[in-house]
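Note: hydrogens, waters and symmetry copies are ignored here, and every other heavy atom, side chains too, is used. Positions are given from 1 along the sequence.
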Amino acid sequence: MSQSAEAGWSRAESRQSPLPEPARRLAAGSALVLLLSGVVSLIVWFCVTFQAVVTPVLLALLGAALLGPLSCGPRRRVCVAPRPCG
């Protein structure tokens, strides 16, 4: 890289930001809130659109999670890892 290009980078780094630090932090926080709300709204839209599929799948996952520890029978400790009972 040439010296003129390196000098350009150092000049760009030494310039002050046009916004004060609190305003930049507030802008970053606002962008994060907008991104998270967009992701949540897409998840809600997906669940509403595919309600006929999502509801049974969620119920099946809940049932599997609740019945999983009981699948190894009565023992002193709860089965955590899926392994053959016996």
(message) Checking the side chain of Thr49 only, and the main-chain atoms of Phe46 only, is there a donor and an acceptor separated by less than 3.5 Å?
(response) no
(message) Looking at Glu21, I'd like to know if its CD atom is crowded, meaning that more than 12 non-hydrogen atoms belonging to other residues, nucleotides or ligands lie closer than 6.0 Å.
(response) yes
(request) Consider only side-chain heavy atoms of I, L, V, M, F, W and Y, link residues closer than 4.5 Å, and tell whether Val54 and Leu62 are in one cluster. (result) no
(request) Over all heavy atoms of both residues, which pair between Gly38 and Ser41 is shortest? Give the atoms and the distance, please. (result) O-OG, 2.8 Å
(request) Indicate, with yes or no, if Leu58 and Phe50 share a hydrophobic cluster defined by side-chain heavy-atom contacts under 4.5 Å among Ile, Leu, Val, Met, Phe, Trp and Tyr. (result) yes
(message) Working to the nearest 0.5 angstrom, can you tell me the gap between Ser30 OG and Leu35 CG?
(response) 12.5 Å
